[in-house]
Structure formats: structure tokens, C-alpha cells
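In what follows, a structure is listed as C-alpha cells, so that the remarks can point back to it.
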Amino acid sequence: MSQAFGEARCADEMLESFDPSNGRKLGEVRLASVADVQTAVRRARQAQVGWAAMGVDERCRILNRMRGVLIDRAAEIGRVVSSENGKPPVEPISLTGPLCETIKLHTRLAKRLARGVRVSPTFFLGSKARIFYEPVGVAGYILPWNFPFELGVKHMIPALAAGNAVVQKPSEANPLIGELIADLFCDAGVPADVVQMVHGYGDVGGALVDEADVICFVGSPGTGRRVMERAARTLTPVVLELGGNDAAIVRADADLDFTAHGLVNGTCYNAGQVCNGIERIYAPRDLVEPLTERILALVGKLRQGVEGDDYDLGPVAWAPQIEIYEAHTADAIAKGATLRHGGKALELHGGRYWPPTVLTGMTQEMTMMQEETFGPFLPIMAVDGDEEALRFANDSKYGLGASVWTLDVAAGEALARRLRAGSVMVNNAVQSGGCVTLPFGGERESGVGRVQGEQAYFHYVATKSVMTCPKSVRNLWMPYGAGAARVARGATKLFSGRSIGERLSGVLDVVRNRPRA
Ligand code: NAD
């Protein structure tokens, strides 16, 4: 598991999978070699031809069957994802709803766009101007370990609806979830080789970047940068969904019980291993203590490390993360923060857990306020008013998400517009990722492009303009007649004149100087 990215490996090695809640081995899959990735993409390319030729109606019918598969196999999804990814089964099961909505959104869009979109022919009177969206071929996915099931299904839907084949490299931490995803698509009736998985580390991801026609990468900013650099060699388009350090701004008028509950949910969901989870909290100075008391009461009730399915926070799904938690906690304490809850890893039933960790007395230069911690942390910093909170919230190299907590919705929405982040929620956090009609993505080191909403579809299509012209178009061809310049100027006045008079004089220029047949 600790192999350095980019290292070559022989084709017969196996990738083992473990349950992070107890360290037990769950299974193994075959590691892909670079040659395996090339073969997978070649087969995907062949299969894509039939998938695209099938027609949009049949393709969308098959994809919509996936909704039934997700409903019918929900218990199995909960079990597999919980065991390999360490979250309560309720969480992956609850995400099947947004996945079904994603299928509805993109199959409807694919059908709407299938006959092309007619636009104005502008000066080319009598011509037909249309835009067609053609599949690009094979879409490659390189994904992280924190939401392997949800992201692994969701991001492939727009590409498949548009008529592409897909090859996914799941995180090395969860190959079995990758296999489950492939099996679900197969169960829905997606033809062989249209959806494939290749397993391995960074070298396998790199090979996929070399082979695919378009890449969707979700992971850390450092790896995202390497993927983009590699894609530049072949000019392969990439969409990058990277890390975050989301700020929560608590306004002076906030309902403290509701806000404390929302902040705990927004930091502890998926044990804090959420790209757009709350990572730092700015609260008015006199509210810090009453807010902290409510937060402490709530985190004390969360269940962690309980055997069975009945718990709120699972184990740390990727053990190296604990070093980051420890380093960020130690840095905050060394710089003057007060630890109010948690702050130390727990060993339970053979798994490693991190408790909800509450800190007050935070200051902006602490690592936790600057870097992504990616755990169940509630670091609270006192501020004097909205403007100071906004200034600190925007003082970040990240720009994925943010939230505002207030009873004054208009003031909250006004702050939302001024926050430099891809998604902002008022009186909630994290869950806009489940509102699949909304675009999702970040600014600056949080990413490039958007992976959700209708916008996601356009990453996987080649936009083609088709123009069909009548014979009269010859009037625009060489050789230029004596009055051509006057006709050209007249046409500009006719279409863009500032007044009726100027437009009419454009008509006269065109009529008087037009070429005679
Ligand atoms: P990571 O960057 O370490 O790995 C992501 C994927 O890239 C893995 O599959 C890995 O094997 C692969 N990879 C590693 N090196 C590679 C290389 N050189 N070339 C190609 N592929 C390579 O990220 P992670 O630790 O798995 O995930 C956590 C990160 O993901 C966090 O920063 C989190 O915020 C981010 N994330 C972002 C979103 C989002 O939508 N913005 C969603 C989930 C997670």
C-alpha cells in the first residue's frame, strides 16, 4: 500500500483490500500494468462505437435501468462500501438518491441535445446553423478514497449518456468498490467493455492520462497538478476536483442551537473525510463560548467505533491521514489554541479512529486554518463582525466551498456572493454536493472545471458546428465586386445599427451596392 507513485510494477501482482474498521483483509484484485491500461482503453474504444451507434434513446433506457439496480441492490451497496470504506451503511445508501437524479438529469439532457441545437445564422440569411455534441471517445477517471462509490458512479453518468465509453482507476484503498460499480452497470445492461476498471497506484493513473481522450481527476491538489502536467503532453482535456479548506461564517444573529448542530454535521459527516466539509469556523467573539458549549454537548453524543451498523463516525479510512491530524493539532496547540475535545487517535476493535476535535483560540496563521485537514475538526476563531470573517474566509489558496449561518437570509446570500468559493450554502454545509442540478467544483487550488449539473456533460463532448448554406451565399465569395466594402459596412449597420435610421441606411447600402448576378 505504501508504494511510491510512478514506480513500475509487474503484471501479476495483486492489490489487497482491507476493512479499515478492523484491519481484516476483504479480498484482492489484479494490479494493472501500463500494458493493461492500454488494452482496456483500446477495448473501450472499440465498444464505444457500438454504444454511440445504439442511439440516444436505447442508451438512456439502459442507463435509466441503473436507477432500478441502485434501488434493488441498496443493501449490498451499503454493506460493501461500509466494509471497505469504513462509513455507516446509511451514508452510501442515502447517496443512491442523488445518483438516480444524476441519471435523470443527464439522460434528459442527452436526449434534448441529440438532434443538435439550432442557433441564429446571423448574417448568413437562409442558412441553417446548428451545434452538435459528439462523444469524445473514452473518458478516463482517477478517483480518491473518500467517496469511492458516489463519485465512481456519478461522474461517469454524463460521459456515458453522451455516448462515451469509460475506464476508471479507483483509489488503491478501495478496489472492491470499483468492482461493485462495474458490476452494477453490467447488471443495468451496459454492454461489455463500455465500463471498465483498472486497479493500481499512481503509475496506473498516469498511464490512463496518456491513453484516454478526456480525464476527470478527483483528489489532492498535488496529484491534480501532476495529472494536468502529464495531460499537457497529449493536450488531453482535464477536469480537476481537488481539495478544500471550507470556511463557515457564523453571523451575530445565528440561531445557536441550529448552527451548532449544522457545524457538527458539516465537520463530522463521513468522519470529516469530505472535500467540501467545514474546515474552519469564524464566529463573533461573544458567541464563541455559547456556540462551543453547544458543539461540545453534540459531539459527545456521536457514536464512534461501535460494532455493527449503528454508528455515526467510522474509522479513518486511509491511515496516513492520522499523521496530518496529529501535526495540525500539535501546530494549533503550540500556537496557542485550546483543545476542548478529541485531539488523539483511538484504537478500537483493530481499527484506527479520530474523535471529533474541537479547538478554540484559533488564529489565521495556524496550519489548520491554511491547509486541508480532511478530518472531523471544529477549529473556532473569534472575529469582529462579518467583514472580518469574510476577509479571513477568503484568505485561502483553496476555493471549494463555504457556508454562512444566519437568521437574515438576505444578508447571508449577500455574503455568499462575496465568498470566493465554487459552492456556498446558507444555513447548511456539505449537502450541496447532493443537489446534482448544481455545478460542483472549486477555484484556485480547489480545481479546474465543474463535475456536476448540466455543465459536467460538456466536458465529455466534442462541440461541432454544422452550417448548411443556400446558393445565395455566393454573394459573400471572391472576387470582391466594386461595392463590396459598402455592402459589408451596410450589413454591419443593418444588423447592429444604434437607431432605426442607421439600420435603414444599412439596408439601402446593401441593396444599392449588392453584386448583380
Ligand atoms: P490523491 O491525490 O492522493 O489520489 C487520488 C487518485 O490519484 C488515486 O486514485 C491515486 O492512486 C491517483 N494518483 C496518485 N498519483 C498519481 C499520478 N502521479 N498520476 C495519476 N494518478 C495518480 O487523493 P486521495 O488522498 O485519494 O483523496 C483525498 C483528496 O481528494 C483530498 O484532497 C480531497 O479534498 C480530494 N477530494 C476532492 C473532491 C472534490 O470533488 N473536489 C472530492 C473528493 C475528494
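Each ligand, and each atom within it, is numbered from 1 in the order the structure gives.
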*Hey, is the main chain of Gly343 close enough, under 3.5 Å, to the side chain of Thr357 for a donor-acceptor pair?*
yes
*For Val227, is at least one N or O under 3.5 Å away from an N or O on ligand 1?*
no
*Compare Tyr201, Phe217, Trp145 and give the one whose heavy atom is closest to atom 7 (O) of ligand 1.*
Phe217
*Examine distances only and state if a side-chain atom of Asn164 and a backbone atom of Gly137 form a donor-acceptor pair shorter than 3.5 Å.*
yes
*Which residues satisfy the ring-ring contact (aromatic ring centres under 6.0 Å, His included) test with Tyr398, sequence neighbours excluded?*
none
*Give the contacting part of Asn146 toward ligand 1: side chain, backbone, both or neither, where contact means a heavy-atom distance below 4.0 Å.*
side chain
_Would the distance check show the side chain of Glu150 and the main-chain N or O of Pro92 forming a donor-acceptor pair, the cut-off being under 3.5 Å?_
no
*Under 4.0 Å from ligand 1, counting heavy atoms only, is it the side chain of Phe147, its backbone, both or neither?*
neither
*Which ligand 1 atoms does Gly205 reach within 4.0 Å, using its non-hydrogen atoms?*
20 (C), 21 (N)
*asked:* Heavy atoms only, cut-off 4.0 Å: how does Arg230 contact ligand 1, side chain, backbone, both, or neither?
replied: neither
_Straight-line distance of Arg352 CZ to Asn22 CG, nearest 0.5 Å_ = 14.5 Å
*Is it the case that more than 12 heavy atoms not belonging to Glu323 sit under 6.0 Å from its CD atom?*
no
*Options Val451, Thr223, Val239, ranked by nearest heavy atom to atom 15 (N) of ligand 1, top entry*: Thr223
*For Glu172, the ligand 1 atoms whose distance to one of its heavy atoms is below 4.0 Å*: 8 (C), 9 (O), 10 (C), 11 (O)
*What part of Val209, side chain from CB on, backbone N/CA/C/O, both or neither, has a heavy atom under 4.0 Å from ligand 1?*
neither
*If you count the atoms of ligand 1 from 1 in the order shown, which ones are under 4.0 Å from a heavy atom of Ile142?*
6 (C), 7 (O), 9 (O), 12 (C), 21 (N)
_Pick from Pro144, Gly219, Ala231: the one approaching atom 35 (C) of ligand 1 most closely through a non-hydrogen atom_ = Gly219
*asked:* Here's one to test your reading of the geometry: is the NZ or CZ of Lys344 within 45 degrees of the ring axis of Tyr325 and under 6.0 Å from its centre?
replied: no
*asked:* Take a 6.0 Å sphere around CZ of Arg24 and say whether it holds more than 12 heavy atoms from other residues, nucleotides or ligands.
replied: no
_Whether the side chain of Asn85 engages the backbone of Trp145 through a donor-acceptor N/O pair (distance < 3.5 Å, no angle test) should be reported._
yes
*Counting each atom of ligand 1 from 1 as listed, which ones have a heavy atom of Leu400 under 4.0 Å away?*
41 (N)
_Side chain, backbone, both or neither: which applies to Trp318 and ligand 1 if a contact is any heavy-atom pair less than 4.0 Å apart?_
neither
*Would you check the N or O atoms of Ser446, main chain and side chain alike, for any that come under 3.5 Å of an N or O of ligand 1?*
no
*Determine, using heavy atoms of Gly206 and all atoms of ligand 1, whether some pair is separated by less than 4.0 Å.*
yes
*asked:* Does only the side chain of Arg226 get under 4.0 Å from ligand 1, or the backbone, or both, or neither? Count heavy atoms.
replied: side chain
*Should we count CZ of Arg417 as having more than 12 external heavy atoms under 6.0 Å?*
no
_Can you tell me if His349 has over 12 outside heavy atoms packed within less than 6.0 Å of its NE2?_
yes
*Those atoms of ligand 1 less than 4.0 Å from some heavy atom in Leu242*: 34 (O), 37 (C), 38 (C), 39 (C), 41 (N)
Under 3.5 Å, which donor-acceptor pairs do the side chains of residues 428-443 form with other protein atoms, sequence neighbours left out?
from   : atom 1 : to     : atom 2 : distance (Å)
Asn428 : ND2    : Gln431 : OE1    : 3.0

*Would you check whether Ser171 reaches within less than 4.0 Å of ligand 1, judged by its heavy atoms?*
yes
*Within a distance under 4.0 Å of any heavy atom of Leu151, pick out the atoms of ligand 1 and give their elements.*
42 (C), 43 (C)
*Which of these, Cys275, Gly244, Ala207, has its nearest heavy atom closest to atom 42 (C) of ligand 1?*
Cys275
*asked:* Can you tell me which portion of Leu208 lies within the under-4.0 Å heavy-atom range of ligand 1? Options are side chain, backbone, both, or neither.
replied: neither
*Worked check of side-chain hydrogen bond (donor to acceptor under 3.5 Å, both in side chains) between His106 and Glu454*: CA-CA 7 Å; His106 287 291; Glu454 290 196 348; over 6 Å; no
